[in-house]
K.L.:
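Structure incoming, see below.
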Amino acid sequence: MTNHSTPDKHRATSPDGPAPASPHPAPHTSPGETAPTLFTWDFAANPYPAYAWLREHAPVHRTTLPSGVEAWLVTRYADAKQALADQRLSKNPEHHDEPAHAKGKTGIPGERKAELMTHLLNIDPPDHTRLRRLVSKAFTPRRVAEFAPRVQELTDHLIDGFAEKGSADLIHEFAFPLPIYAICDLLGVPREDQDDFRDWAGMMIRHQGGPRGGVARSVKKMRGYLADLIHRKRAALPAEPAPGEDLISGLIRASDHGEHLTENEAAAMAFILLFAGFETTVNLIGNGTYALLTHPDQRARLQASLARKETDLLETGVEELLRYDGPVELATWRFATRPLTIGGQDIAPGDPVLVVLAAADRDPARFADPDTLDLARRDNQHLGYGHGIHYCLGAPLARLEGQTALATLLTRLPDLRLAAEPADLRWRGGLIMRGLRTLPVEFTPSR
């Protein structure tokens with residue numbers, strides 16, 4: 001999940017999906033050199049050659065995004081790591097020196113009107129420190145390990161739903177519902193209400209093909225539901241917490257030096273944990289499965305390792321999949337609070353800065369053979385879950401879900417194969433996240 005420095009999931013797309021950007025002259029571009037066109041459908045299918053060009057010629061590059069917002073793109077690993085930890089870059093959108101035409105285009109549609117802005121992706125210390133501390137206990141290694149049987153149960157249940165058919169769309173039938181139901185369980189959303197969350201979340205990630213304003217309406221519905229759920233849980237809250245208490249009950253109960261969370265803070269926290277916490281895992285499973293199916297040698301190595309009941313290659317393999325084609329393409333928005341320099345480029349106060357995690361994690365100055373998928377890669381300090389104080393809070397849970405999903409798929413459906421040509425697959429248009437719209441597969445039906 002992701003509090004992404006998740007990486008974040010805030011999209012800045014036009015209603016019709018990505019459109020060609022209108023790049024400003026790159027500061028490191030030589031006369032006669034032309035920057036690649038960004039944010040087209042072709043770019044979405046394979047952005048890595050364009051990012052390689054930017055790393056080489058314009059590592060800190062000012063461009064106009066499809067939404068009309070102008071921002072700096074940071075593409076080299078060393079610069080990216082610096083920017084992710086630089087406290088002169090604020091997460092608070094109030095620091096954006098935004099022109100009228102860009103108003104409100106740097107966040108989740110509808111979150112301002114729904115009073116859901118006070119979450120970890122939009123605030124700085126000391127509020128960030130206080131709120132993060134209150135929820136971090138839900139994502140400790142021990143708590144995540146206790147949740148592992150439920151993740152396995154969900155995984156098996158979803159595979160049972162299509163295993164006898166011999167075909168499936170792994171995005172809609174598997175990768176999408178798994179993290180939705182998991183995070184709903186963790187938050188304490190009753191089982192009978194979880195399909196509503198699935199519908200709202202589906203609208204959020206399908207919004208280019210959905211009705212105009214659908215994302216904002218889904219956010220409003222989710223906000224109303226969370227407010228009601230918080231009221232109901234507060235009224236029924238026992239005096240002492242039970243073992244494994246759900247996260248919303250914990251947020252209601254939690255206090256920090258006598259200061260209780262406000263209802264808006266609790267609702268915003270629950271909202272962002274769901275919103276930022278599910279799509280990263282959807283894309284980790286989808287992108288990861290696609291990478292394995294298109295790299296048969298690596299897939300065979302992993303299946304052989306799993307057959308021997310080993311876990312080392314699965315663990316390093318998920319980290320490599322996060323690096324190679326991770327779920328979060330750009331880290332969430334940052335805004336300069338005062339003049340600073342990144343990679344030799346001066347950044348003015350109020351300017352938005354977007355760290356391109358996908359570019360940094362393919363930087364040959366940091367990773368040997370960065371365009372090669374190597375599941376056994378050991379020196380792999382990727383930035384897929386961010387860096388610094390905004391490092392993804394839910395990374396342990398996302399890793400658990402990714403490892404469980406991939407291991408179970410490859411074990412239960414050993415001859416899993418693509419049911420479409422790679423060139424025919426469509427990637428969702430968007431700015432922050434990277435993921436497939438569909439992933440059609442075939443396999444021998446189980447009986």
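We use all heavy atoms of the structure for the numbers below, so side chains are in, but hydrogens, waters and symmetry mates are not.
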K.L.:
Within 45° of the ring axis of Tyr324 and under 6.0 Å from its six-membered ring centre, is that where the NZ or CZ of Arg362 lies?
P.N.:
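Yes, a cation-pi geometry.
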K.L.:
May I ask you to decide if Ile432's main-chain N or O and Glu329's side chain share a donor-acceptor pair within less than 3.5 Å?
P.N.:
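Side chain of Glu329 to backbone of Ile432: no pair is present.
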K.L.:
Any side-chain heavy-atom pair from Val353 and Val74 closer than 4.5 angstrom?
P.N.:
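Side-chain contact under 4.5 Å: yes.
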K.L.:
For the atom pair NE2 (His61) and CG (Leu54), what is the distance rounded to the nearest 0.5 Å?
P.N.:
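Result: 5.5 Å between the selected atoms.
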K.L.:
Can you sort out the partners of Asp424 under salt bridge (charged side-chain N to carboxylate O under 4.0 Å, His left out), two or more places apart, ordered by chain and number?
P.N.:
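None.
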K.L.:
Could you give me the CA-CA distance, side-chain angles and deciding distance for Val60 and Ile347, then say whether side chain to side chain contact (heavy atoms under 4.5 Å, CB included) is met?
P.N.:
CA-CA 10 Å; Val60 181; Ile347 309 293; 4.2 Å; yes
K.L.:
To the closest 0.5 Å, what do you measure between CG (Leu292) and CG (Leu416)?
P.N.:
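Taking CG in Leu292 and CG in Leu416, the distance rounds to 9.5 Å.
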K.L.:
Kindly say whether Leu436 contributes a backbone atom to a donor-acceptor pair with the side chain of Arg428 at under 3.5 angstrom?
P.N.:
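Here the side-chain-to-backbone pair exists.
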K.L.:
Find out whether Leu373 and Thr294 are in side-chain contact, i.e. whether some heavy atom of one side chain is under 4.5 Å from a heavy atom of the other.
P.N.:
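They are not in side-chain contact.
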K.L.:
Tell me the closest heavy-atom pair linking Gly435 and Asn287, and the distance in Å.
P.N.:
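Shortest heavy-atom separation between Gly435 and Asn287 comes out as CA-OD1, 3.6 Å.
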K.L.:
If we only count heavy atoms from C-beta on, is the Leu321 to Asp325 side-chain gap below 4.5 Å?
P.N.:
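No; the side chains remain at least 4.5 Å from each other.
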K.L.:
Are Ile285 and Phe174 packed together at the side-chain level, in the sense that at least one heavy-atom pair is separated by less than 4.5 angstrom?
P.N.:
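Yes, close enough: below the 4.5 Å cut-off.
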K.L.:
Decide side chain to side chain contact (heavy atoms under 4.5 Å, CB included) for Glu315 and Gln403; before the verdict, give the C-alpha distance in whole Å, the side-chain angles of both, and the deciding distance to 0.1 Å.
P.N.:
CA-CA 7 Å; Glu315 292 171 2; Gln403 291 175 14; 3.9 Å; yes
K.L.:
I'd like to know if Arg399 pairs up with Glu319 as an ion pair, taking the criterion as any Lys NZ or Arg NE/NH1/NH2 lying under 4.0 Å from an Asp or Glu carboxylate oxygen.
P.N.:
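Yes, Arg399 and Glu319 are salt-bridged.
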K.L.:
What I want to find out is whether Arg366 reaches Asp361 closely enough, with some N-O distance under 4.0 Å, to be called a salt bridge.
P.N.:
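A salt bridge is absent here (no side-chain N lies under 4.0 Å from a carboxylate O).
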K.L.:
Taking all non-hydrogen atoms of both residues, which atom of Pro352 and which atom of Val69 are closest, and how far apart?
P.N.:
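For Pro352 and Val69, the tightest heavy-atom pair comes out as CG-CG1, 4.2 Å.
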K.L.:
Where is the tightest heavy-atom contact between Ala85 and His387, given as atom of each residue plus distance?
P.N.:
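Between these two residues, the closest heavy atoms are CB-CD2, 3.8 Å.
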K.L.:
Within a radius of less than 6.0 Å around CZ of Arg426, do more than 12 heavy atoms belonging to other residues, nucleotides or ligands occur?
P.N.:
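Yes, the 6.0 Å shell around CZ holds more than 12 heavy atoms from other groups.
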K.L.:
Distance only, no hydrogens: is a donor on one side chain within 3.5 Å (strictly under) of an acceptor on the other, for Asp193 and Tyr225?
P.N.:
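The answer is yes; a qualifying pair exists.
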K.L.:
So how far is it from Leu154 CG to Ile159 CD1, rounded to the nearest 0.5 Å?
P.N.:
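So the gap between those two atoms works out to 11.0 Å.
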K.L.:
Does Lys233 come within less than 4.0 Å of Asp246, counting only side-chain N to carboxylate O?
P.N.:
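Asp246 and Lys233: salt-bridged.
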K.L.:
Between Thr40 and Phe43, is there a donor-acceptor pair closer than 3.5 Å when you use the side chain of the first and the backbone of the second?
P.N.:
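Judged by distance alone, yes, a pair lies under 3.5 Å.
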K.L.:
Please tabulate, for side-chain N and O atoms in residues 179-189, each donor-acceptor pair with protein atoms closer than 3.5 Å (sequence neighbours left out).
P.N.:
| unit_1 | atom_1 | unit_2 | atom_2 | d |
| --- | --- | --- | --- | --- |
| Tyr181 | OH | Asp195 | OD1 | 2.8 |
| Tyr181 | OH | Arg198 | NH1 | 3.2 |
| Asp185 | OD1 | Arg191 | NE | 3.1 |
| Asp185 | OD1 | Gln194 | NE2 | 2.8 |
| Asp185 | OD2 | Arg150 | NE | 2.5 |
| Asp185 | OD2 | Arg150 | NH2 | 3.0 |

K.L.:
About how many Å separate CG of Leu425 and CG of Leu418, when rounded to the nearest 0.5 Å?
P.N.:
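These two atoms lie 6.5 Å from each other.
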K.L.:
Where the side chain of Arg323 meets the backbone of Phe367, is there a donor-acceptor pair that is under 3.5 Å apart?
P.N.:
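Answer holds: no.
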K.L.:
Hey, does Thr281 have a side-chain heavy atom less than 4.5 Å from the side chain of Leu178?
P.N.:
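Sidechains of Thr281 and Leu178: no contact.
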K.L.:
Just wondering, do Tyr77 and Arg55 contact through their side chains at under 4.5 Å, heavy atoms?
P.N.:
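Not touching, per the 4.5 Å side-chain cut-off.
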K.L.:
Is it true that a side-chain atom of Thr75 and a backbone atom of Pro59 form a donor plus acceptor pair closer than 3.5 Å?
P.N.:
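The answer is yes, because a donor-acceptor pair under 3.5 Å joins these two groups.
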K.L.:
What distance separates Leu293 CG from His295 NE2, expressed to the nearest 0.5 Å?
P.N.:
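Here the rounded value is 11.0 Å.
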K.L.:
To the nearest 0.5 Å, what is the distance between CG (Leu397) and CZ (Phe147)?
P.N.:
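Going from the CG atom of Leu397 to the CZ atom of Phe147 covers 6.5 Å.
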K.L.:
Check Leu84 against Ala331 and note the closest heavy-atom contact, atom names and distance.
P.N.:
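Looking at all heavy atoms of both residues, the closest pair is CD2-CB, 3.8 Å.
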K.L.:
Return yes if some donor-acceptor pair links the side-chain N/O of Asn283 with the main-chain N/O of Arg434 below 3.5 Å, else return no.
P.N.:
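Checked: pair present.
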K.L.:
Can you tell if the side chain of Tyr51 reaches within under 4.5 Å of the side chain of Val356, non-hydrogen atoms only?
P.N.:
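Yes, at least one pair of side-chain atoms sits under 4.5 Å.
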K.L.:
Would you find a donor on one side and an acceptor on the other, under 3.5 Å apart, between the side chain of Glu320 and the backbone of Asp374?
P.N.:
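Yes, the answer is positive, given that a donor and an acceptor are paired below the 3.5 Å cut-off.
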K.L.:
For atom CD of Glu421, is the number of surrounding heavy atoms from other residues, nucleotides or ligands below 6.0 Å larger than 12?
P.N.:
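Atom CD in Glu421 is not crowded, with 12 or fewer foreign heavy atoms closer than 6.0 Å.
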K.L.:
For a side chain to side chain contact (heavy atoms under 4.5 Å, CB included) check, start with the C-alpha distance between Phe335 and Asp351, then their side-chain angles and the critical distance, and finish with the verdict.
P.N.:
CA-CA 6 Å; Phe335 308 95; Asp351 278 0; over 6 Å; no
K.L.:
Closest approach of Gly402 and Leu284, non-hydrogen atoms and distance?
P.N.:
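Heavy atoms of Gly402 and Leu284 come nearest at CA-CD2, 3.9 Å.
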K.L.:
Is it true that the NZ or CZ of Arg437 lies under 6.0 Å from the centre of Trp427's six-membered ring and within 45 degrees of the ring axis?
P.N.:
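Cation-pi check for Arg437 and Trp427: fails.
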K.L.:
Evaluate the side chain to side chain contact (heavy atoms under 4.5 Å, CB included) criterion for residues Arg132 and Leu393: first the C-alpha distance (whole Å), next the side-chain angles of each, then the deciding distance (0.1 Å), finally the verdict.
P.N.:
CA-CA 8 Å; Arg132 187 176 175 107; Leu393 184 66; 3.9 Å; yes
K.L.:
Please enumerate all residues that pass ring pair (Phe, Tyr, Trp, His ring centres under 6.0 Å) together with Phe162, with sequence neighbours excluded.
P.N.:
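Phe162: no ring pair (Phe, Tyr, Trp, His ring centres under 6.0 Å) contacts found.
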K.L.:
Sequence neighbours excluded, which residues qualify as side-chain contact (heavy atoms from CB on, under 4.5 Å) partners of Lys221?
P.N.:
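Here the qualifying residues are Trp200.
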K.L.:
What pairs with Thr438 under side-chain contact (heavy atoms from CB on, under 4.5 Å), at least two apart in sequence or on another chain?
P.N.:
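Here the qualifying residues are Asp169, His172, Pro440.
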K.L.:
So, applying side-chain contact (heavy atoms from CB on, under 4.5 Å) with Leu330, which one of Val355, Leu431, Leu357 is it?
P.N.:
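Going through Val355, Leu431, Leu357 one by one, the side-chain contact (heavy atoms from CB on, under 4.5 Å) with Leu330 is satisfied by Leu431 alone.
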K.L.:
I need the minimum non-hydrogen distance between Leu229 and Pro190, along with the two atoms involved.
P.N.:
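Shortest heavy-atom contact: CD1-CD, 4.1 Å.
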K.L.:
State, with a plain yes or no, whether a side-chain heavy atom of Phe39 is found less than 4.5 Å away from one of Leu65.
P.N.:
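Sidechains of Leu65 and Phe39: in contact.
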K.L.:
Identify, with sequence neighbours excluded, every residue that meets side-chain contact (heavy atoms from CB on, under 4.5 Å) alongside Thr316.
P.N.:
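Leu313, Arg378.
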K.L.:
Between His57 and Trp53, how do the two ring planes meet: parallel, tilted or perpendicular, split at 30° and 60°?
P.N.:
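The arrangement is tilted - the two ring planes meet at 30° to 60°.
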